Amino acid sequence: MKITTISDLQKWKQKKQKFAAITAYDATFAKLFYEQGIHVILVGDSLGMTIQGHNSTLPVTIKDMIYHTSCVRRGAPSCLLLADLPFMSYATDAETFNNSAALMQVGANMIKLEGGDLWVINTVKKLTQRSIPVCSHLGLTPQSINIFGGYKIQGRDTISSEKILNSALSLESAGSQLLVLECVSFDLAKRITNALTIPVIGIGAGNITDGQILVMQDVLGITGENTPSFAKNFFSTGENIQDAIRHYVNDVESSVFPSSENTFY
């Protein structure tokens, strides 16, 4: 089976071919997702909330991420696998290099880290120089929840939107090969997607981005009252999980999802 690479995502962007991504935390779901057309999987530190039952991602450790990344890789050996560097696991160069290497050694193709401040940009540059591919994450960055004071839409005013756009451009210049853009307005997502040559994956950023990603529990409608407004329960329209995932993939590829009701303006 053909292995999905970052080059494939770059070609899809150039051809304006939308793609769907999803989070996974174990081998069984990773295999099922891949078989239904998902070729990009993120082992997210969202597992702190979805798997471990915490109220944020902050308690997740690098040990947790290594374990779940190795599980997902065994379930989906041909997918493009992203893995989060969890809270405070990339505070220093030594920690960043060691923890990134550990994730790559158990199967990650790319590590993901949050933020666009100068120190993060420098970190991206250093990782790229050491042959560790980086996916950046801007907009609502959950590890900064205590700074933001809650899960709020980002970039609503001119100053903050320009800052996010400039950060995206700087991260690309530093070597980022992929960008996750979370909870920003449609207009800002459009500006960033058009400005970057690297693929942009949206979550709560409208259907203008090159790809979409959702937490698997949100796709399957098993987060109860906590399902965010930018997500959709695809399980309600099918008979089984396989149907739900195929529906999600098809709706993303045809730009049906996210719809206007799942988008911030």
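Computed from a prediction, not measured in an experiment: that's the story for all the values here.
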Backbone of Asp187 reached by a side-chain donor or acceptor of Tyr265 within 3.5 Å | no
Between Arg130 and Lys126, the two heavy atoms sitting closest are NH1-O, 3.0 Å
For Pro258 against Gly206, the heavy-atom pair lying closest together = CG-C, 3.4 Å
Shortest non-hydrogen pair, Gln154 vs Leu140, comes out as CG-N, 3.5 Å
So, for Val252 and Lys18, which heavy atoms are closest and what is the spacing to 0.1 Å?
-> O-CB, 3.4 Å
Determine yes or no for a side-chain-to-main-chain donor-acceptor pair under 3.5 angstrom, with Asn240 supplying the side chain and Asp243 the backbone.
-> yes
Of the options Lys2, Gln17, Lys13, which is the one that meets Asp8 in a side chain to side chain donor-acceptor pair (under 3.5 Å)?
-> Lys2
Tyr248 side-chain N/O to Leu220 backbone N/O, donor-acceptor pair under 3.5 Å | no
Are any side-chain N or O atoms of His137 and backbone N or O atoms of Val180, one a donor and one an acceptor, separated by less than 3.5 Å?
-> no
Close side-chain approach of Phe234 and Ile245, heavy atoms under 4.5 Å | no
Would a distance-only check, ignoring hydrogens and angles, find a side-chain to backbone donor-acceptor pair under 3.5 Å from Asp84 to Pro86?
-> no
Main-chain N/O of Met216 paired with Thr23 side-chain donor or acceptor, under 3.5 Å = yes
Donor-acceptor pair, side chain of Asp64 and main chain of Val60, under 3.5 angstrom = no
Give a yes or no on whether the backbone of Ile153 and the side-chain of Glu182 come within a donor-acceptor separation of less than 3.5 Å.
-> no
Atom CZ of Phe29 and atom CD1 of Ile22: how far apart are they, to the nearest 0.5 Å?
-> 9.5 Å
Step by step, work out the side chain to side chain donor-acceptor pair (under 3.5 Å) result for Thr96 and Ser100.
-> CA-CA 6 Å; Thr96 303; Ser100 298; over 6 Å; no
Using the ring of each side chain (for Trp, its six-membered ring), is His68 parallel, tilted or perpendicular to Tyr25, with breaks at 30° and 60°?
-> perpendicular
Looking only at heavy atoms, which two atoms of Asn109 and Pro133 are closest? And how far apart?
-> O-CG, 3.4 Å
Indicate the atoms forming the closest heavy-atom contact of Ala76 with Tyr34, along with that distance.
-> CB-CB, 4.2 Å
Is the side chain of Asn262 donor-acceptor paired with the backbone N or O of Ser229 at a distance under 3.5 Å, no angle test?
-> yes
Where the side chain of Thr69 meets the backbone of Ile66, is there a donor-acceptor pair that is under 3.5 Å apart?
-> no
